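Since the structure comes first, as structure tokens, the remarks are kept for the end.
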Protein chains: 2
Amino acid sequence: MRTTETAPAEYLRLDNQICFALHAASRAFGSLYRTALRDLALTYPQYLVMLVLWEHGELPVKKIGEHLRLDSGTLSPLLKRLEAAGLVQRERSALDERSVTVRLTTAGDALRERAQRVPEQIATATGLTLTDLTDLRTRLHHLTTTLDAATPDPAADPTPE
Amino acid sequence: MRTTETAPAEYLRLDNQICFALHAASRAFGSLYRTALRDLALTYPQYLVMLVLWEHGELPVKKIGEHLRLDSGTLSPLLKRLEAAGLVQRERSALDERSVTVRLTTAGDALRERAQRVPEQIATATGLTLTDLTDLRTRLHHLTTTLDAATPDPAADPTPE
DNA sequence: CACAACTCAATTGTGCACAACTAAAGGGTA
DNA sequence: TACCCTTTAGTTGTGCACAATTGAGTTGTG
């Protein structure tokens, strides 16, 4: 007698692997970025924040969090480190004193130039064609959207009778 | 005058998105697992370790690390927490005193039963077919292998003249 | 105006990832 | 046997992710 039926087990084992595959791939990307970003003295999440700022110029913490799906618990200390590195400046908004505006310094803006070559390095390392990269990106984006929709928001009212 | 050519910029921006897509997808999976594993009182990485042990029964720390691509810096404290929870038992090997064997306790083995339903919940939440899941898993696995090969091993001799 | 509800950032606490290092044990060779 | 090199866990320190909480500020409503 077995504790498990084999029929569901095969199916079930599969997505254990998909979650692990995603976890491992994410960490492998992390290692690669760590290497590529060493010269810029940025961590990978710091680089993501800089990308958002390079694109949008100036944003409140809240908006950065929306772009990156991160909350203040992660961003506050990260932004302090970027400020300590002289790359950004944080200033409490005059219009709404609750909000803190994050702005690039001259050094932060200048770093953009040196960061230009990073993505190409990464793309080469993936060994994928532009088409494959686009396709994978699309799938992952779609997957994230689906997963987010399927995950109950911990802040949501659990029983709104 | 622009600081950046538009031609490479389009190409370069793309894989900024792929790395972010992977990062976001990984974290979205994390949230989903956090919810699914709440009843089992396991974190997602702890669940991965348990999966390895359920499959292989008894392994030294080193082997667990090879399966999950994790080192002792991550595994040692994690395994201590699993031991404190009564799920595993750690014992220094008699044959090789450097090695620590990790074994499931009765409770750890019993948890397998309750964990059976987790993967199905997850698979459903992805909203993907079995075929799509398999395909994505394969792509990610391949991507990880490629990335690992492209990432210089930090422990490797940097200039072997 | 008063007050409740909400918003935003920051803080606290737990856990994971990883580099760098330490310590103990094992294995090989002069 | 003595010495060196390697292997294996563990420890330390830094940084990220996230839940829960705090506190200041804002908004809506009576």
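Computed from a predicted structure; not experimentally measured. Reckoned from all heavy atoms, side chains included, excluding hydrogens, waters and symmetry mates. Naming convention: chains lettered A, B, ... in sequence-line order (proteins, then strands); numbering from 1 in each chain.
Residues Phe29(A) and Thr144(B) form no side-chain contact, since every pair of their non-hydrogen atoms from C-beta on lies 4.5 Å or further apart.
Distances from the side chain of Thr74(A) to the nucleotides dC18(D), dC18(C), dA10(C) place dC18(D) closest. Minimum atom distance to the side chain of Arg27(A) is reached by dC18(C), of the listed dT11(D), dA19(D), dC18(C).
Between Phe20(A) and Tyr44(B), the shortest heavy-atom contact is N-OH, 3.6 Å.
Between Glu83(B) and Arg90(B), at least one side-chain N (NZ, or NE/NH1/NH2) sits under 4.0 Å from a carboxylate O, which counts as a salt bridge.
The stretch residues 51-64 of chain B does not touch DNA chain C, since none of its heavy atoms comes less than 4.0 Å from the strand. Within residues 85-99 of chain A, the residues having any heavy atom closer than 4.0 Å to DNA chain C are, in order of number, Arg90(A), Arg92(A), Arg98(A), Ser99(A).
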List the steps, then state whether side-chain contact (heavy atoms from CB on, under 4.5 Å) holds for Leu136(B) with Leu136(A). CA-CA 8 Å; Leu136(B) 187 58; Leu136(A) 186 59; 3.9 Å; yes
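Within the 4.0 Å cut-off from OP1 or OP2 of dA10(C), at least one side-chain nitrogen or oxygen of Ser76(A) is found. A close approach under 4.0 Å does occur between a side-chain nitrogen or oxygen of Lys80(A) and OP1 or OP2 of dT11(C).
A donor N or O paired with an acceptor N or O is not found under 3.5 Å between the base of dG15(D) and the side-chain atoms of Thr43(A).
Here Leu70(A) lies in heavy-atom contact (under 4.0 Å) with sugar-phosphate atoms only.
Atom NE2 of His142(B) has 12 or fewer neighbouring heavy atoms from other residues, nucleotides or ligands inside a 6.0 Å radius.
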Enumerate, atom names and distances included, each donor-acceptor pair closer than 3.5 Å involving a side-chain atom of residues 55-64 of chain A, sequence neighbours excluded.
| unit_1 | atom_1 | unit_2 | atom_2 | d |
| --- | --- | --- | --- | --- |
| His56(A) | ND1 | Val52(A) | O | 3.2 |
| Glu58(A) | OE1 | Arg103(A) | NH1 | 3.0 |
| Glu58(A) | OE2 | Arg103(A) | NH1 | 3.0 |

